[in-house]
Amino acid sequence: MEYMTPLIGMNLAELESVAAGCGMPRYAARQMADWLYQKRVAKIDDMTNLSKRARATLAEAYCTGREEPLKRVSSTDGTVKYLFRGASDRDVEAVMIPDRDRCTLCVSSQAGCRMNCAFCMTGRQGFHGNLSAAQIINQILSVEESESLTNVVFMGMGEPTDNLDAVVRAIEILTATWGLAWSPKRITVSTVGRPDGIRRLLDMTKVHLALSVHSPFGSERADMMPVERAYPVAEVIELLRGHDFAHQRRLSVEYTMMKGKNDDIRHADALARLLRGTDARVNLIRFHPVPGYDEKAPEANVMTAFRDRLNSLGITATIRASRGEDIDAACGMLAGKEKRG
């Protein structure tokens, strides 16, 4: 089958080039953007304010790029996991998390991941390829709950700063007036802490940032997260101290707690010292078992004591409710296990 270039994932300037190449007036680009991102059509022929001839010319080389999920699985707690076509025959997963008046979609940016974090199922499977901006946006447009989403978090499969061009393009489409016109405050990007990527993300967007820490001690963190050897978390925090997170943009820290490994008061005290002078809020996450990694989750009272210690030291900390564990959709469990072909 002949390859057709997807239109979703394109910004307004690129849509203007498409319009010019197809003999359409420049304003047709805004019409296409409206059909793609606001009306969310799946077929070019549905763009009815374009002439029939223009639609036929457009369809010779382009498609909308919309692809339905390959699979949908529901959790007992209302969480829904979707499987989408990924890269190199490795499919990817997105997770919809309902919570009272919020409806959050956790999207993937890569098939697999290069970061190789020991406690993460995605990292343990290796890297299979980057997703395009079209594939990222398609996750948002093609889940059943698309129209009711209130937030998007780049916390699915992959390291967003390792595929930053596509991620920034997706954020542009989400926030531009010609796109979905979302406030950047509805978007959070998670990272293991690659300084160049963080700088670019902070300079080019206004979205919230979530830093994966998981241990305040460099040697312990390196055992869990090899990225620590190249980019020590202490240096990453120092970089972030230079940015104002007090107003529109929020900085949060992700901390997955494991029994007897990173859950005692010594770790809480060191984490508070590490974050002092920042406006970071800490999300404490219960470890979810993954094959090949023998750690266990701490008891609830241990997590509560850790949270209370951080709060007593002036660091705002909360325990994130575990969602979707029964369908392998909780933090660290995404794998895109199913392969096509």
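This is a predicted model, so every value here is computed, not measured. In what follows, residues are counted from 1 in the order of the sequence shown. Hydrogens, waters and symmetry mates are skipped; everything else that's a heavy atom, side chains included, is used.
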J.: Taking only residues two or more places apart in sequence or in another chain, which ones pass salt bridge (charged side-chain N to carboxylate O under 4.0 Å, His left out) with Asp99?
T.: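 If we apply the salt bridge (charged side-chain N to carboxylate O under 4.0 Å, His left out) test to Asp99, skipping adjacent residues, there are no hits.
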J.: Take Leu240 and Leu209, measure what side-chain contact (heavy atoms from CB on, under 4.5 Å) needs, and give me the verdict at the end.
T.: CA-CA 10 Å; Leu240 293 171; Leu209 186 72; 3.6 Å; yes
J.: Using a 3.5 Å distance criterion without hydrogens, assess whether the side chain of Glu295 forms a donor-acceptor pair with backbone atoms of Pro289.
T.: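 Absent.
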J.: Scan for ring-ring contact (aromatic ring centres under 6.0 Å, His included) pairs involving residues 211-241, sequence neighbours excluded, and state none if there are none.
T.: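 Sorted pair list: Phe119-His214, Phe217-His267.
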J.: Asn262 and Glu220: side-chain donor and acceptor closer than 3.5 Å?
T.: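 Looking only at side-chain atoms, Glu220 and Asn262 do not form any donor-acceptor pair under 3.5 Å.
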J.: Do side-chain atoms of Arg124 reach the backbone of Gly292 as a donor and acceptor pair under 3.5 angstrom?
T.: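 Indeed, once roles are kept as given, a pair shorter than 3.5 Å links the two residues.
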J.: Tell me which pairs pass side chain to side chain donor-acceptor pair (under 3.5 Å) where either residue lies in residues 32-50, with sequence neighbours left out.
T.: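 Counting only pairs at least two positions apart or across chains, the side chain to side chain donor-acceptor pair (under 3.5 Å) contacts touching residues 32-50 are Asp34-Lys39, Trp35-Asn49, Arg40-Ser146, Asp45-Arg55.
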J.: Only one of Ile285, Val192, Leu211, Val282 passes side chain to side chain contact (heavy atoms under 4.5 Å, CB included) with Glu254; say which it is.
T.: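 Result: among Ile285, Val192, Leu211, Val282, Ile285 is the only option passing the side chain to side chain contact (heavy atoms under 4.5 Å, CB included) with Glu254.
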J.: Keeping Ser74 on the side-chain end and Val80 on the backbone end, is there a donor-acceptor pair under 3.5 Å?
T.: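 No; judged by distance alone, with no hydrogens or angles, the pair does not exist.
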J.: Quick one: does Arg221's side chain have a donor or acceptor within less than 3.5 Å of a partner on Pro216's backbone?
T.: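 No: the side chain of Arg221 does not pair with the backbone of Pro216.
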J.: Check the side chains of Glu67 and Asn138 for a donor-acceptor pair under 3.5 angstrom, ignoring hydrogens and angles.
T.: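 Absent: no donor and acceptor within the cut-off.
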J.: Is the backbone of Val207 close enough, under 3.5 Å, to the side chain of Arg249 for a donor and an acceptor to pair up by distance?
T.: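 The answer is yes, because a donor-acceptor pair under 3.5 Å joins these two groups.
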J.: Please determine, by modelled atom types, if Asn163 and Gln110 share a side-chain donor-acceptor pair under 3.5 angstrom.
T.: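 No donor-acceptor contact under 3.5 Å links the two side chains.
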J.: For Tyr27 and Glu16, which I'm curious about, is there any donor-acceptor pair between the side chains at under 3.5 Å?
T.: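 Side chains of Tyr27 and Glu16: no pair found under 3.5 Å.
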J.: Sub-3.5 Å donor-acceptor pair from the side chain of Thr79 to the main-chain atoms of Ser75, do we have one?
T.: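 Not confirmed, Thr79 side chain does not pair with Ser75 backbone.
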J.: ring-ring contact (aromatic ring centres under 6.0 Å, His included): which pairs involve residues 292-324, sequence neighbours left out?
T.: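 Qualifying pairs: Tyr255-Phe306, Phe287-Tyr293.
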J.: Rounded to the nearest 0.5 Å, what's the gap from OG1 on Thr122 to NE2 on His128? Could you check?
T.: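 If we round to the nearest 0.5 Å, Thr122:OG1 and His128:NE2 are 9.5 Å apart.
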J.: Decide, yes or no, whether a salt bridge links Asp196 with Arg199 under the criterion of side-chain N to carboxylate O below 4.0 Å.
T.: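 Looking at Arg199 together with Asp196, the answer is yes, because their closest N to O distance falls below 4.0 Å.
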J.: Is there any side chain to side chain donor-acceptor pair (under 3.5 Å) pair reaching into residues 178-192, and which pairs are they, with sequence neighbours excluded?
T.: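 Pairs touching residues 178-192 that pass the test: Glu159-Thr191.
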J.: Whether the Ser322 and His288 side chains hold a donor-acceptor pair (N or O, under 3.5 Å, no angle test) is what I'd like checked.
T.: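 His288 and Ser322 do have a side-chain donor-acceptor pair below 3.5 Å.
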J.: Tell me which pairs pass side chain to side chain donor-acceptor pair (under 3.5 Å) where either residue lies in residues 164-175, with sequence neighbours left out.
T.: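 Every side chain to side chain donor-acceptor pair (under 3.5 Å) pair that includes a residue of residues 164-175, provided the two are not neighbours, is Glu14-Arg169, Asp165-Arg200.
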J.: The test is side-chain contact (heavy atoms from CB on, under 4.5 Å); show your working for Val153 and Val107 and say whether it passes.
T.: CA-CA 6 Å; Val153 293; Val107 299; over 6 Å; no
J.: Rounded to the nearest 0.5 Å, what separates atom CD1 in Ile173 from atom CD1 in Ile140?
T.: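 Answer for the CD1-CD1 pair, Ile173 versus Ile140, is 9.0 Å.
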J.: What's the verdict on salt bridge (Lys or Arg N to Asp or Glu O under 4.0 Å) for Arg72 and Glu145, showing C-alpha distance, side-chain angles and the deciding distance?
T.: CA-CA 12 Å; Arg72 181 184 190 274; Glu145 303 80 8; 3.2 Å; yes
J.: Once rounded to the nearest 0.5 Å, what's the spacing between atom CG of Leu141 and atom CD1 of Ile136?
T.: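 Separation between the atoms: 12.0 Å.
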J.: Under a 3.5 Å threshold, yes or no: a donor from one side chain and an acceptor from the other, between Arg281 and Thr318?
T.: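 Result is no, nothing qualifies.
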J.: Answer yes or no: is there a donor N or O on one side and an acceptor on the other, between the side chain of Thr161 and the main chain of Arg194, under 3.5 Å?
T.: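 No, the answer is negative, given that no donor and acceptor are paired below the 3.5 Å cut-off.
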